[in-house]
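Keep in mind that what you see is a predicted model, and the values were worked out from it rather than measured.
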Number of protein chains: 2
Amino acid sequence: MRIGQLADLLGIQTQTIRFYEKKGLLPLPARSYNGYRVYTEKHYKRLKFVCSCRAIGLSLSETRRLQDYQDNPHQPCSAVNTLIDEHIMHIRSQITSLQDLEKQLTSIRTSCTGQSKVIACTILNKIDEIESVSCNRDV
Amino acid sequence: MRIGQLADLLGIQTQTIRFYEKKGLLPLPARSYNGYRVYTEKHYKRLKFVCSCRAIGLSLSETRRLQDYQDNPHQPCSAVNTLIDEHIMHIRSQITSLQDLEKQLTSIRTSCTGQSKVIACTILNKIDEIESVSCNRDV
DNA sequence: TAAAAACTATAAAGTTACTATAAGGTCAAG
DNA sequence: CTTGACCTTATAGTAACTTTATAGTTTTTA
Ligand SMILES: [Zn+2]
Ligand SMILES: [Zn+2]
Ligand SMILES: [Zn+2]
Ligand SMILES: [Zn+2]
């Protein structure tokens, strides 16, 4: 199978496959006489796993760690659980900070009906009054 | 005021200030005889506004647009409201996709107690069974 | 007074997970 | 024999910074 077919199978771009290869998430494929990459079922499964990990929001390095576990299948799987637990915490903390943001934003938003001029806009005034404890930037 | 003092006042790094300057979010400061940047109250206010915008999750380009409105204060402020409305939509759609992720992840997670070996880990099996319609990547 | 610490400057590279562009080689069809 | 679809590599761009390197300046301290 060539790179275009593999990409179509998984609904991703060929560059993405090359990118994963460079990042070590996909084993080096054989090359045909003309230099084209040749993929097997094994590559397909490996790449599908990467796509699935991305679909549940795992980072590429988290995905890589899971692959390592898959490659050493006789160790206890508690490490897998830990990784997923930590990832769930990532997601949850993102959710709560976004929810906080949304509250603050809707409160700011409702103060203005959009009928005034910018100079008197209560939204801009409220933004000016925000006391960012320290410029948070991780959202 | 020098760059370090300004950074301390707002709890950010000096490089971040230079970065904002390069991005056009902060007017060019005067320079003292030795080339050091010299900031005034005006710069402080401008930078504080940027930090506040970042604190409510606005991107730098959204922040820039708000600055443009501030600089032309005699137009109607409905554009401000629209920008904030759109930004709230950004936040809300991020929240819902993260909540979807969290559901999927907790369902995957609860299937394993971490007592098995990797080869039999139901988490890895469930990840393998995910049918990513197309590898989503915007989360 | 001289060395050390602290601050400033610029420029370039690293981060994440790709996407886009450029410039070119290969292959089948018409 | 050229067009189009496919493949190759390398490089740059995205967001919002952070890190590193290299160097000049000021302040503190021994
Ligand atoms: Zn994670
Ligand atoms: Zn308004
Ligand atoms: Zn936004
Ligand atoms: Zn398990």
Side-chain angles (χ1 to χ4, degrees), chain A residues 1-26 28-39 43 47 49-65 67 87 90-91 94 97 132 134-139, chain B residues 1-26 28-39 43 47 50-65 67 87 90-91 94 97 101 132 134-139:
Chain A
M1 187 175 11
R2 295 196 313 200
I3 197 169
Q5 300 169 270
L6 183 58
D8 286 347
L9 274 182
L10 288 163
I12 61 176
Q13 298 198 345
T14 56
Q15 290 106 315
T16 307
I17 297 178
R18 296 193 194 98
F19 173 75
Y20 288 158
E21 177 185 316
K22 200 162 57 179
K23 289 279 167 175
L25 289 152
L26 202 54
L28 294 177
R31 299 290 182 128
S32 64
Y33 68 98
N34 55 15
Y36 290 8
R37 289 171 175 81
V38 180
Y39 294 101
H43 295 95
L47 183 54
F49 181 76
V50 174
C51 289
S52 300
C53 287
R54 296 292 301 128
I56 54 174
L58 292 164
S59 70
L60 293 187
S61 75
E62 287 168 331
T63 301
R64 190 88 158 78
R65 283 162 59 200
Q67 287 183 336
H87 182 61
H90 298 165
I91 303 283
Q94 285 180 52
S97 44
S132 28
S134 76
C135 277
N136 339 0
R137 65 204 90 63
D138 49 29
V139 182
Chain B
M1 185 174 12
R2 296 198 312 199
I3 196 168
Q5 299 168 270
L6 183 58
D8 286 346
L9 274 182
L10 288 163
I12 61 177
Q13 298 197 346
T14 55
Q15 291 103 316
T16 307
I17 297 178
R18 294 192 195 100
F19 173 75
Y20 288 158
E21 176 185 315
K22 200 161 59 179
K23 288 279 167 174
L25 289 152
L26 201 55
L28 295 177
R31 300 290 182 125
S32 64
Y33 70 97
N34 55 15
Y36 289 8
R37 289 171 176 82
V38 179
Y39 293 102
H43 294 96
L47 183 54
V50 175
C51 289
S52 300
C53 287
R54 296 293 302 129
I56 54 174
L58 292 164
S59 70
L60 293 187
S61 75
E62 287 168 332
T63 302
R64 190 88 158 79
R65 284 160 60 200
Q67 287 184 335
H87 182 60
H90 298 165
I91 303 284
Q94 286 180 51
S97 44
L101 269 196
S132 27
S134 77
C135 278
N136 337 0
R137 65 204 90 62
D138 50 26
V139 181

List the atom pairs, with distances to 0.1 Å, where a side-chain N or O of residues 55-62 of chain A and a protein N or O form a donor-acceptor pair under 3.5 Å, not counting sequence neighbours.
{"unit_1": "S59(A)", "atom_1": "OG", "unit_2": "S61(A)", "atom_2": "N", "d": "3.4"}
{"unit_1": "S59(A)", "atom_1": "OG", "unit_2": "S61(A)", "atom_2": "OG", "d": "3.4"}
{"unit_1": "S59(A)", "atom_1": "OG", "unit_2": "E62(A)", "atom_2": "N", "d": "3.1"}
{"unit_1": "S59(A)", "atom_1": "OG", "unit_2": "E62(A)", "atom_2": "OE1", "d": "3.4"}
{"unit_1": "E62(A)", "atom_1": "OE1", "unit_2": "S59(A)", "atom_2": "N", "d": "2.8"}
{"unit_1": "E62(A)", "atom_1": "OE1", "unit_2": "H87(A)", "atom_2": "ND1", "d": "3.4"}
{"unit_1": "E62(A)", "atom_1": "OE2", "unit_2": "H90(A)", "atom_2": "ND1", "d": "3.2"}

Can you give each donor-acceptor pair under 3.5 Å made by side-chain atoms of residues 2-22 of chain B, sequence neighbours left out, with the distance rounded to 0.1 Å?
{"unit_1": "Q5(B)", "atom_1": "OE1", "unit_2": "R2(B)", "atom_2": "N", "d": "2.9"}
{"unit_1": "E21(B)", "atom_1": "OE1", "unit_2": "R37(B)", "atom_2": "NE", "d": "2.8"}

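Atom CG of L25(B) is separated from atom C1' of dA16(D) by 11 Å (rounded to the nearest Å). The separation between L47(B) atom CG and dC17(D) atom P is 11 Å, rounded to whole Å. Protein atom NE2 of H87(A) is 14 Å distant from nucleotide atom C1' of dT16(C), rounded to whole Å. For L10(A) and dC18(C), the CG to P distance is 13 Å, given to the nearest whole Å. The separation between K22(B) atom NZ and dA13(C) atom C1' is 11 Å, rounded to whole Å. A straight line from CZ of F19(B) to C1' of dA12(C) spans 14 Å, rounded to a whole angstrom. Summarising the geometry, the separation between CZ on R54(A) and C1' on dC18(C) is reported as 9 Å, rounded to the nearest angstrom. In this structure, CG of L60(A) is placed 13 Å from P of dT15(C), rounded to the nearest angstrom.
Evaluation of the salt bridge (charged side-chain N to carboxylate O under 4.0 Å, His left out) rule for R65(B) yields no partner, not counting sequence neighbours.
When all heavy atoms of R31(B) and V38(B) are compared, the pair lying nearest together is C-CG2, 4.2 Å. Between L25(B) and Q67(B), the shortest heavy-atom distance links the atoms O-NE2, 3.0 Å.
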Sugar-phosphate or base contact per nucleotide [nucleotides 4-10 of chain D; S, B, -; heavy atom under 4.0 Å]: --BSBB-
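Residue order along DNA chain D, read from the 5' end via each residue's closest nucleotide, puts L58(B) first among L58(B) and Y33(B).
Contact check, T16(B) against dT18(D): a side-chain N or O comes under 4.0 Å of OP1 or OP2.
Axis angle between the ends of the helix from dT1(C)-dA30(D) to dG30(C)-dC1(D), five pairs each and rounded to 10 degrees, works out to 30°.
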